[in-house]
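A quick note: this is a predicted structure, and the numbers were derived from the prediction, not measured.
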Amino acid sequence: MNILNLTEKESQELKKSLMEHGIVFEKKDIRTYESKYFEAITISNIIIKFFVFFCLGLFVILNLIGILLSIIYNSSNLTNPIETLVGIIIISFIICAIFSNINTNKKKELSTIYVNEDNFIFNYCDRIIDTPHLYYNLPYDSLKKIEFIIHSIRKRQVFGSVEFTFNVFGYEVTHAIRFTNLTEIEHLLENKFPSLLNILIIDGKRKNHHEIIKNKQMPISLLTSLALFIVSMLLMIVPYLFNHYSLALGISSVILIITALIIFLSPFLYTYHLIQGTIISSVFIMMGFCVPLFIIEHSNKSFIEYIIQNNEILLLTIFGIVGVGIYMYIISIIIGKLHFILKKKFK
């Protein structure tokens, strides 16, 4: 059982026992140990923040255009533009409050691992209370698994996520770094702990003998992909059978086809961790863009005419804007993964 799955009472009792055995210790500054073994590189979080805030800027511009059109051509009714402007301010504030807190360097120490002789030292966490001055002190032979998940390759350096799994008193202790230089970590393992390469797993394959680790998510991901593909086909075929053309349904179908393809590729690219985000972001895109477009299509008014009279409908595009930002980030990881595979194949 993972230590993070314990109840609060069990967690506190185990923490007390670990401190008594010196496995968990309290220290305000651990920089007196060896230099940092490796630490998080936060460019992944910077990228997603860029996509989200760039799309937020487009959202504001789009809604301001709607307000201007409404004021110019529908000056007799200023209520809707004012309501829309207030909505823009509130939504922008909420988005900024949420996504500005994505860690780009605020809590880097919590992701850092130090090495003292043959021990790994990293921040203690029980998901109950933030304990920045408590640290694990675990010997390298308690490490049972190291797993790399590749994100991209740049200048012959491989970047991605890494998770360490330790065995402590029969419990699993995991420590993950969400985006870091995996090439640097592998070199450090080779130089200091070469025996640990035997437990290194890279995208579901063991480093030394390429044994594929079975993943129970493969059937689920393939079935999910098939289900999304069927729905996308229905969105194309059913309107055609009833001689009803809808741009909104057509766009929704294309989005679902791309999403189905991404999920279908996940067992081969080892991108299972992206499935949930891909589905949620695609739903957001359809909610934010396809739903308003569908409403406008069935209003018997032109697009511009409807926006002039009902500019507040553009506020719904915030869902699509956030969805596009996350979707672009996911696609950038997929492209980076394909780049890594091609480089590895043809080097």
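In terms of heavy atoms, Ser92 sits closest to Leu56 at OG-CD1, 4.1 Å. Between Tyr327 and Thr259, the closest heavy-atom pair is OH-OG1, 2.8 Å. Listed here is the closest heavy atom pair of Leu315 and Gly87: CD2-C, 3.9 Å. Closest of all the heavy-atom pairs between Asn119 and Pro139 is OD1-CA, 3.2 Å.
Summarising the geometry, atom CD1 belonging to Ile335 is positioned 11.5 Å from atom CG belonging to Leu269; distances are rounded to the nearest 0.5 Å. Rounded to the nearest 0.5 angstrom, Leu58 CG and Thr317 OG1 are separated by 10.0 Å.
In summary, the side chains of Ser246 and Glu297 do present a donor paired with an acceptor at a separation below 3.5 Å, with no hydrogens or angles considered.
Tested against Lys337 for a side-chain contact (heavy atoms from CB on, under 4.5 Å), the candidates Leu265, Asp203, Leu342 yield a single pass: Asp203.
A parallel orientation is assigned to the rings of Phe164 and Phe166, their planes being inclined by less than 30° (bins at 30° and 60°). Ring pair Phe122/His175 is tilted by interplanar angle, where 30° to 60° counts as tilted.
Not a single donor-acceptor pair under 3.5 Å links the side chain of Asn63 to the backbone N or O of Val60. Although no hydrogens or angles enter the test, the distance criterion places a donor-acceptor pair under 3.5 Å between the side chain of Ser253 and the main chain of Ser232. Using modelled atom types, no side-chain atom of Ser152 and backbone atom of Gly336 make a donor-acceptor pair closer than 3.5 Å. One N or O on the side chain of Ser281 and one on the backbone of Gly277 form a donor-acceptor pair closer than 3.5 Å. No donor-acceptor pair under 3.5 Å is formed between the side chain of Ser17 and the backbone N or O of Leu14.
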May I have the step-by-step check of side chain to side chain contact (heavy atoms under 4.5 Å, CB included) for Phe229 and Leu261, ending in yes or no?
CA-CA 8 Å; Phe229 181 76; Leu261 178 61; over 6 Å; no

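A 6.0 Å sphere centred on CG of Asn300 holds no more than 12 heavy atoms belonging to other residues, nucleotides or ligands.
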